[in-house]
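Everything on this sheet refers to the single structure shown next.
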Amino acid sequence: MGKDVIVACDFATAEQTYAFLDKFTDEKPFVKIGMELFYAEGPAIVRAIKARGHKVFLDLKLHDIPNTVKKAMAVLSGLDVDICNLHAAGGLDMMRGAVEGLTRPDGSRPLLIAVTQLTSIDQQRMEKELLIDRPLEEVVMQYAANARTAGLDGVVCSPLEAGRVHEACGGEFLTVTPGIRFADGASGDQQRVTTPARAREIGSDYIVVGRPITGAEDSVAAYRRCVADFVG
Ligand code: C5P
């Protein structure tokens with residue numbers, strides 16, 4: 001599995017997304033499509049971006065009973081996405097069902113990764129609202145271990161956690177890490193940020209980069225800078 005930069009296309013419409021992707025004439029970045037764009041444009045946006053030659057990470061974070069998630073994943077597999085995801089909080093059976101649903105008759109399937117705890121959940125919220133009375137980091141590592149046990153390929157995590165996840169779950173277990181900023185850029189609403197070069201040192205497999213590329217004056221140059229710093 002090669003390291004790559006995934007561009008978070010957090011746009012509201014297909015037009016805005018295509019206008020952004022049209023800037024790239026020499027390369028085909030790996031694209032992340034999130035809930036906003038998918039719910040606005042439907043499966044057609046995935047087919048269109050795939051047809052343009054991009055790999056797609058469909059970030060829909062599924063979480064439901066095992067049978068429902070299994071059937072939904074079978075639909076996403078048919079869309080030929082390259083990576084999709086779910087919430088590890090759905091449990092082992094849900095994750096096993098997801099793997100089953102994604103697997104095509106020829107045995108191939110998209111990569112499947114798990115969200116452990118959302119970065120919007122901190123220790124206090126976890127204890128007071130969710131009544132989970134354990135250290136957050138322990139919960140993240142337990143959810144990552146569950147994802148591995150269920151046969152998933154990796155987790156979404158902070159780049160700062162990527163090293164520990166690899167230690168606990170093995171070097172081949174993928175870490176996909178948002179929260180990336182250039183050292184000379186604004187951090188925006190991201191609290192714990194890392195540069196592409198540091199994410200590479202820590203051992204992230206994929207970095208997910210949104211605004212530092214989509215909001216840059218020269219998005220292609222910003223993308224190339226990320227690739228140079230992270231992939232080399
Ligand atoms: O613009 P920015 O680089 O902050 O975008 C990061 C992307 O990664 C967004 O699409 C955001 O929703 C996603 N993400 C995140 N933190 C997580 C999980 C996903 O920033 N823990």
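Below, all heavy atoms of this structure are taken into account, side chains as well, without hydrogens, waters or symmetry copies. Atoms within each ligand, like the ligands themselves, are counted from 1 in listed order. From a predicted model like this one, the values you see are computed outputs, not experimental measurements.
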Parallel, tilted or perpendicular: ring planes of Tyr223 versus Phe24, cut at 30 and 60 degrees: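 Rings of Tyr223 and Phe24: perpendicular, as their planes differ by over 60°.
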Hey, what's the ring geometry for Phe30 with Tyr206, parallel, tilted or perpendicular (30° and 60° as the breaks)?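 Geometry flag for Tyr206 against Phe30: perpendicular rings.
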Only one of Val7, Ile33, Asp82, Ile113 forms a side-chain contact (heavy atoms from CB on, under 4.5 Å) with Phe57, so which one is it?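 Of the listed options, the one satisfying the test is Ile113.
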Salt bridge check: are Lys128 and Asp122 linked by an N-O gap of less than 4.0 Å?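 Here Lys128 does not pair with Asp122 in a salt bridge, since their nearest N and O are not under 4.0 Å apart.
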I'd like the atom pairs linking ligand 1 to the protein - N or O on both sides, separation under 3.5 Å - with distances to 0.1 Å.
| from | atom 1 | to | atom 2 | distance (Å) |
| --- | --- | --- | --- | --- |
| ligand 1 | 1 (O) | Arg211 | N | 2.7 |
| ligand 1 | 1 (O) | Arg211 | NE | 2.7 |
| ligand 1 | 3 (O) | Arg181 | NH1 | 2.9 |
| ligand 1 | 3 (O) | Gly210 | N | 2.8 |
| ligand 1 | 4 (O) | Arg181 | NH2 | 2.8 |
| ligand 1 | 4 (O) | Gln190 | NE2 | 2.9 |
| ligand 1 | 4 (O) | Arg211 | NH2 | 2.8 |
| ligand 1 | 10 (O) | Asp10 | OD1 | 3.4 |
| ligand 1 | 10 (O) | Asp10 | OD2 | 2.8 |
| ligand 1 | 10 (O) | Lys32 | NZ | 2.9 |
| ligand 1 | 20 (O) | Gln190 | NE2 | 2.8 |
| ligand 1 | 21 (N) | Thr119 | OG1 | 3.0 |

Polar side-chain atom of Lys50 near backbone of Val56 as donor-acceptor pair, under 3.5 Å: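 Not confirmed, Lys50 side chain does not pair with Val56 backbone.
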Check: Pro29 main-chain N/O paired with His54 side-chain donor or acceptor under 3.5 Å: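 Side chain of His54 to backbone of Pro29, a donor-acceptor pair under 3.5 Å: yes, one is there.
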